[in-house]
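Data first, discussion second: the structure below is written as structure tokens.
As a basis for the values below, the full set of heavy atoms in this structure was taken, side chains included, without hydrogen atoms, waters or symmetry mates. Quantities reported herein were computed from a predicted structural model and do not represent experimental measurements.
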Amino acid sequence: MDGNGRWANARGLPRTMGHRKGVEAVRETVRAAGDIGIKYLTLFAFSSENWRRPEAEVSDLLGLLKAFIRRDLAELHRQNVRIRVIGDRSGLRGDILPLLIEAEETTRNNTALTLVIAFNYGSRDEITRAFAGLAKDVEAGRLRPQDITPELVDARLDTAGIPDPDLIIRTSGEERLSNFLLWQAAYSEFMFVPDYWPDFSRELFFSALEKYAARDRRFGGLSAKQAAAVGS
Ligand code: FPP
């Protein structure tokens with residue numbers, strides 16, 4: 001969800017206004033995803049590196065996430081949306097962790113869209129924590145190194161049980177992954193859109209999905225067309 005700050009700058013507004021407008025784009029995108037039956041939508045809300053921002057901005061971002069959960073949880077629950085949170089939970093202070101847990105607990109049996117909120121998330125940190133857990137199990141004799149498979153690694157990540165993303169959209173013209181779902185993105189399609197996140201809309205979302213639908217995904221194999229040509 002990149003470009004909140006630049007959106008605000010371009011209008012002579014403080015960065016915080018960009019983040020506020022960004023929450024409106026979150027609402028519109030979540031609604032649009034639910035409306036067309038998307039099963040999983042992951043939003044990168046706060047990275048493990050975002051703590052490096054000025055204290056006032058960090059506090060503003062945490063405040064917006066908390067306000068979003070407080071205000072929207074009942075409505076999301078009514079829409080049968082399940083909330084899952086990925087990221088490092090250790091060391092989180094204040095009321096943010098109880099709120100995230102409440103959102104997950106309240107919606108745990110919902111079956112429409114799963115909204116995955118990446119909070120205090122960094123992919124390298126996630127993978128490191130997963131490997132530390134595996135190493136502990138090996139050390140304790142609960143696991144043999146030869147039994148470690150990609151599926152087992154998957155099951156130890158914060159995203160356990162969540163399918164790999166088909167499409168990753170990054171706004172604001174940045175063309176980087178920035179420590180987002182590095183393991184899970186092995187076969188994801190990428191879409192880089194020039195628009196700043198606050199301008200992201202149902203229309204831009206659907207246009208990205210249409211482009212995605214025209215992509216030929218081969219997962220290292222052959223497309224149906226290629227395979228048919230080989231077979232004939
Ligand atoms: C990136 O833009 C955006 C963020 C770091 C924060 C995104 C968070 C929200 C929209 C609010 C809370 C989240 C939810 C799910 C309700 P940037 O600040 O890096 O913008 P810039 O690249 O233009 O500086």
Side-chain angles (χ1 to χ4, degrees), residues 1-5 19 22 25-26 29-30 33 38-53 57-58 61-62 64-65 68-69 82-93 96-97 99-101 103-104 113-138 143 145 148-193 196-197 200 205 208 212 215 217-220:
M1 300 190 283
D2 234 330
N4 292 347
H19 295 315
V26 165
T29 307
V30 172
I38 284 180
K39 296 298 287 179
Y40 294 88
L41 175 72
T42 303
L43 297 173
F44 203 171
F46 194 88
S47 78
S48 35
E49 289 76 31
N50 282 153
W51 299 105
R52 294 180 195 149
R53 294 191 177 204
E57 183 167 344
V58 168
L61 283 169
L62 299 197
L64 284 174
L65 180 60
F68 173 75
I69 293 175
R82 180 175 181 190
I83 295 177
R84 284 224 11 210
V85 180
I86 59 171
D88 186 9
R89 298 174 184 218
S90 66
L92 289 182
R93 279 172 290 139
I96 185 81
L97 185 58
L99 207 54
L100 296 174
I101 292 173
E104 287 188 317
L113 170 72
T114 296
L115 174 62
V116 184
I117 299 177
F119 175 76
N120 195 23
Y121 176 83
S123 192
R124 287 182 173 176
D125 171 68
E126 175 193 35
I127 293 169
T128 306
R129 284 186 283 109
F131 273 90
L134 290 169
K136 235 185 215 167
D137 284 354
V138 170
L143 182 69
I148 299 177
T149 59
E151 291 73 23
L152 188 62
V153 174
D154 253 335
R156 297 300 187 101
L157 295 173
D158 297 347
T159 49
I162 297 171
D164 290 342
D166 289 313
L167 171 65
I168 295 179
I169 302 173
R170 185 162 189 174
T171 54
S172 88
E174 305 286 5
E175 300 188 356
R176 292 186 294 277
L177 204 42
S178 297
N179 208 8
F180 184 61
L181 301 177
L182 299 179
W183 169 279
Q184 300 87 338
Y187 286 100
S188 300
E189 293 292 323
F190 288 86
M191 200 116 4
F192 299 106
V193 300
Y196 294 147
W197 175 252
F200 200 70
F205 189 25
Y212 164 79
R215 298 238 179 129
R217 302 186 73 195
R218 296 193 291 277
F219 300 94

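- In plain terms, the two heavy atoms of Ile96 and Arg93 that are nearest each other are CG2-O, 3.4 Å.
- Residues Ser188 and Pro165 come closest through the heavy atom pair OG-O, 2.6 Å.
- Contacts classified as ring-ring contact (aromatic ring centres under 6.0 Å, His included) and involving residues 150-174 (residues at least two apart or in different chains) are not found.
- Taking the side chain as every heavy atom from C-beta outward, Pro163 and Tyr40 approach each other to under 4.5 Å.
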Apply side chain to side chain contact (heavy atoms under 4.5 Å, CB included) to Arg156 and Glu126, showing your working.
-> CA-CA 9 Å; Arg156 297 300 187 101; Glu126 175 193 35; over 6 Å; no
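- In this structure Glu57 satisfies the salt bridge (charged side-chain N to carboxylate O under 4.0 Å, His left out) test together with Arg15, Arg53, sequence neighbours excluded.
- Partners of Arg170 under the salt bridge (charged side-chain N to carboxylate O under 4.0 Å, His left out) rule, at least two apart in sequence or in another chain, are Asp2.
- Here the closest non-hydrogen pair linking Leu43 and Val30 is CD1-CG2, 4.3 Å.
- Contact check for Trp183 versus Pro150: side-chain heavy atoms found under the 4.5 Å cut-off.
- Residue Tyr187 places its OH atom among 12 or fewer non-hydrogen atoms of other residues, nucleotides or ligands, all under 6.0 Å distant.
- The CD1 atom of Ile83 lies 9.0 Å from the CG atom of Leu100; values are rounded to the nearest 0.5 Å.
- The OG1 atom of Thr114 sits 6.0 Å away from atom CZ of Arg82, with the distance rounded to the nearest 0.5 Å.
- Between Leu134 and Val153, the closest side-chain pair of non-hydrogen atoms falls below 4.5 Å.
- Note that CG of Leu157 is 6.5 Å distant from CD1 of Ile127, once rounded to the nearest 0.5 Å.
- Every salt bridge (charged side-chain N to carboxylate O under 4.0 Å, His left out) that Asp166 has, sequence neighbours left out, goes to Arg217.
- Shown here for Thr159 and Arg84, the closest heavy-atom pair between the two residues is C-NH2, 4.1 Å.
- Environment of CZ in Arg124: sparse, with no more than 12 heavy atoms of neighbouring residues, nucleotides or ligands closer than 6.0 Å.
- In plain terms, the two heavy atoms of Asn4 and His19 that are nearest each other are ND2-ND1, 3.0 Å.
- Under the side-chain contact (heavy atoms from CB on, under 4.5 Å) criterion, Phe205 pairs with Thr29, Ala32, Ala33, Ile38, Leu41, Ile169, Phe200, Leu209, sequence neighbours left out.
- Counting heavy atoms from C-beta on, the side chains of Tyr196 and Thr171 never come closer than 4.5 Å.
- Between the side chain of Ser123 and the main chain of Leu182, a donor-acceptor pair closer than 3.5 Å is present.
- Between Phe44 and Tyr121, the ring centre distance stays below 6.0 Å.
- Within the 3.5 Å criterion, the main-chain N or O of Asn120 finds no donor-acceptor partner in the side chain of Arg89.
- Atom CD of residue Glu189 and atom CD1 of residue Ile168 lie 10.0 Å apart, to the nearest 0.5 angstrom.
- The ring-ring contact (aromatic ring centres under 6.0 Å, His included) pairs that include a residue from residues 155-177 number zero, where partners must be two or more places apart or lie in different chains.
- The distance from atom CD of Glu104 to atom CG of Leu99, rounded to the nearest 0.5 Å, is 11.0 Å.
- Using a 4.5 Å heavy-atom threshold, the side chains of Ile86 and Phe119 count as separate.
- No donor-acceptor distance shorter than 3.5 angstrom exists from the side chain of Asn179 to the backbone of Gly122, with no hydrogens or angles considered.
- In this structure the side chain of Leu143 reaches within 4.5 angstrom of the side chain of Leu152, judged on heavy atoms.
- Distance OG1/Thr42 to CG/Leu167: 11.0 Å, rounded to 0.5 Å.
- Shown here for Ala208 and Met191, the closest heavy-atom pair between the two residues is O-CE, 3.4 Å.
- At least one side-chain heavy atom of Asp88 sits under 4.5 Å from a side-chain heavy atom of Arg129.
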Evaluate side chain to side chain contact (heavy atoms under 4.5 Å, CB included) for Ile117 paired with Leu115, printing each intermediate quantity in order.
-> CA-CA 6 Å; Ile117 299 177; Leu115 174 62; 4.3 Å; yes
